[in-house]
A.B. asks: 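Please read through the structure below; I'll follow up with questions.
As a basis for the values below, the full set of heavy atoms in this structure was taken, side chains included, without hydrogen atoms, waters or symmetry mates.
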Amino acid sequence: MDSLALGADLEPEPVVDEHSTVTLNVNGDPTTLTVDHRTTVLETLRESFGLTGAKKGCDHGQCGACTVLVDGRRVNSCLLLAVAQDGATITTVEGLADGGNLHPVQRAFVERDALQCGFCTPGQICSVVGMLREAADGHRSHVTDPDAATGPGGPVALAADEIRERMSGNLCRCGAYPRIVEAIEDVIE
């Protein structure tokens with residue numbers, strides 16, 4: 001018997017609903033929506049919420065243009081499935097400002113002119129906010145001086161080398177890095 005005849009007795013696969021209902025707390029607004037299981041947080045933010053600050057740069061989690069905060073931690077939203085974030089608190093660059101007042105990091109970026117084309121800026125800003133919290137919580141980086149640490153869980157000092165290391169997951173094709181570091185130093189002071 002040939003292989004085609006063997007396949008003739010197979011039943012078609014049942015249709016499986018590949019959607020789920022999730023509640024995402026985006027920029028302080030809890031919203032329940034139905035998402036395809038393959039949809040990323042980035043796609044959901046842009047297409048379902050109309051929040052276009054986070055960008056699809058590389059779609060591999062290597063450039064940081066899609067960085068947002070999930071439950072206060074910086075993440076690459078192009079790598080996270082929305083269905084897995086049910087109940088999560090998501091903050092985008094649009095949600096950092098308090099009404100008409102810019103977040104201190106946003107203000108520092110403007111004052112230091114820490115951008116050029118602006119494509120990476122929303123991801124950079126969200127990454128800075130998350131990075132400042134990580135350092136305050138005592139999370140060490142590859143370049144943290146173990147002798148200078150304030151003890152377990154103590155804040156990590158953010159010198160220029162420490163800032164550059166912690167921000168190395170966010171790329172800027174225009175090369176605004178010196179101004180970005182200066183803006184971060186302004187916020188720390």
Side-chain angles (χ1 to χ4, degrees), residues 18 22 24-29 31 33 35-86 88-97 102-135 139 141-143 158 160-188:
E18 295 178 353
V22 297
L24 303 175
N25 184 1
V26 178
N27 295 333
D29 184 24
T31 303
L33 65 157
V35 295
D36 184 299
H37 291 173
R38 300 166 294 179
T39 304
T40 65
V41 169
L42 176 63
E43 293 163 334
T44 302
L45 291 171
R46 293 180 64 83
E47 296 168 15
S48 298
F49 290 90
L51 298 171
T52 57
K55 306 290 191 292
K56 184 183 279 192
C58 66
D59 208 23
H60 296 317
Q62 297 175 351
C63 73
C66 67
T67 303
V68 298
L69 302 170
V70 174
D71 295 330
R73 296 184 55 94
R74 56 186 172 156
V75 297
N76 293 321
S77 63
C78 72
L79 298 179
L80 292 179
L81 294 177
V83 70
Q85 303 308 310
D86 187 25
T89 298
I90 300 171
T91 305
T92 67
V93 71
E94 294 94 340
L96 290 175
L102 292 177
H103 185 280
V105 174
Q106 291 171 312
R107 191 174 329 103
F109 267 62
V110 171
E111 290 171 358
R112 281 292 184 166
D113 197 23
L115 56 112
Q116 287 185 31
C117 79
F119 187 84
C120 72
T121 306
Q124 296 272 2
I125 289 171
C126 283
S127 190
V128 172
V129 171
M131 180 267 295
L132 291 173
R133 176 174 290 176
E134 292 165 11
H139 297 282
S141 78
H142 178 70
V143 300
L158 293 173
D161 285 346
E162 186 79 33
I163 292 169
R164 283 191 287 274
E165 170 66 23
R166 289 173 181 267
M167 293 298 295
S168 63
N170 290 80
L171 304 181
C172 174
R173 293 179 184 151
C174 300
Y177 298 116
R179 297 284 181 131
I180 291 169
V181 171
E182 290 169 0
I184 296 168
E185 289 173 331
D186 288 351
V187 172
I188 294 168

A.B. asks: Would you give the length of the straight line joining atom OH of Tyr177 to atom CG of Asn170, rounded to the nearest 0.5 angstrom?
C.D. replies: 8.5 Å
A.B. asks: Please answer whether the main-chain N or O of Glu165 pairs with a side-chain N or O of Ser168 as donor and acceptor at a distance below 3.5 Å.
C.D. replies: yes
A.B. asks: Could you tell me whether the side chain of Glu94 and the main chain of Thr52 form a donor-acceptor pair under 3.5 Å?
C.D. replies: yes
A.B. asks: Scan Arg164, Glu134, Glu162 and name whichever one has a side chain to side chain donor-acceptor pair (under 3.5 Å) with Ser141.
C.D. replies: Glu162
A.B. asks: Shortest non-hydrogen contact from Thr91 to Val68?
C.D. replies: O-CB, 3.5 Å
A.B. asks: Are side-chain heavy atoms of Leu51 and Asn27 found at a separation under 4.5 Å?
C.D. replies: yes
A.B. asks: For a quick test of reading the model, state the closest non-hydrogen atom pair linking Cys126 to Arg74 and the distance between them.
C.D. replies: O-CB, 4.4 Å
A.B. asks: How far apart are the closest heavy atoms of Lys55 and Pro122, and which atoms are they?
C.D. replies: NZ-CG, 4.1 Å
A.B. asks: Which atom pair, heavy atoms only, marks the closest approach of Gly61 to Cys78?
C.D. replies: N-SG, 3.4 Å
A.B. asks: Checking Gln106 side chain against Ile125 main chain: does a donor-acceptor pair fall under 3.5 Å?
C.D. replies: no
A.B. asks: Please report the closest heavy-atom contact between Ser77 and Cys66, naming both atoms and the distance.
C.D. replies: OG-O, 2.6 Å
A.B. asks: Kindly say whether Ala54 contributes a backbone atom to a donor-acceptor pair with the side chain of Arg46 at under 3.5 angstrom?
C.D. replies: yes
A.B. asks: When rounded to the nearest 0.5 angstrom, what distance separates CG in Leu115 from CD in Gln124?
C.D. replies: 10.0 Å
A.B. asks: Could you measure the distance from the CD atom of Glu43 to the CG atom of Asp36? Nearest 0.5 Å is fine.
C.D. replies: 9.0 Å
A.B. asks: Taking all non-hydrogen atoms of both residues into account, name the closest pair between Val187 and Ala108 and its distance.
C.D. replies: CG2-CB, 3.5 Å
A.B. asks: Identify, with sequence neighbours excluded, every residue that meets salt bridge (Lys or Arg N to Asp or Glu O under 4.0 Å) alongside Asp113.
C.D. replies: none
A.B. asks: Do any N or O atoms from the side chain of Asp71 and from the backbone of Thr89 form a donor-acceptor pair under 3.5 angstrom?
C.D. replies: yes
A.B. asks: Supply the atom-to-atom distance Arg73 CZ to Thr67 OG1, rounded to the nearest 0.5 angstrom.
C.D. replies: 13.0 Å
A.B. asks: Does the side chain of Glu185 reach to within under 4.5 Å of the side chain of Ile163, using non-hydrogen atoms?
C.D. replies: yes
A.B. asks: Can you tell me how far the CZ atom of Phe109 sits from the CG atom of Leu102, to the nearest 0.5 Å?
C.D. replies: 12.5 Å
A.B. asks: Asn76 side chain to Gln62 main-chain N or O, any donor-acceptor pair under 3.5 Å?
C.D. replies: no
A.B. asks: Quick one: which of Leu24, Thr40, Thr44 gives a side-chain contact (heavy atoms from CB on, under 4.5 Å) with Val35?
C.D. replies: Thr44
A.B. asks: Calculate, to the nearest 0.5 Å, the distance between atoms CZ and CD1 belonging to Arg112 and Ile180 respectively.
C.D. replies: 13.0 Å
A.B. asks: List for me each residue that meets salt bridge (Lys or Arg N to Asp or Glu O under 4.0 Å) alongside Arg107, sequence neighbours excluded, and say none if there are none.
C.D. replies: none
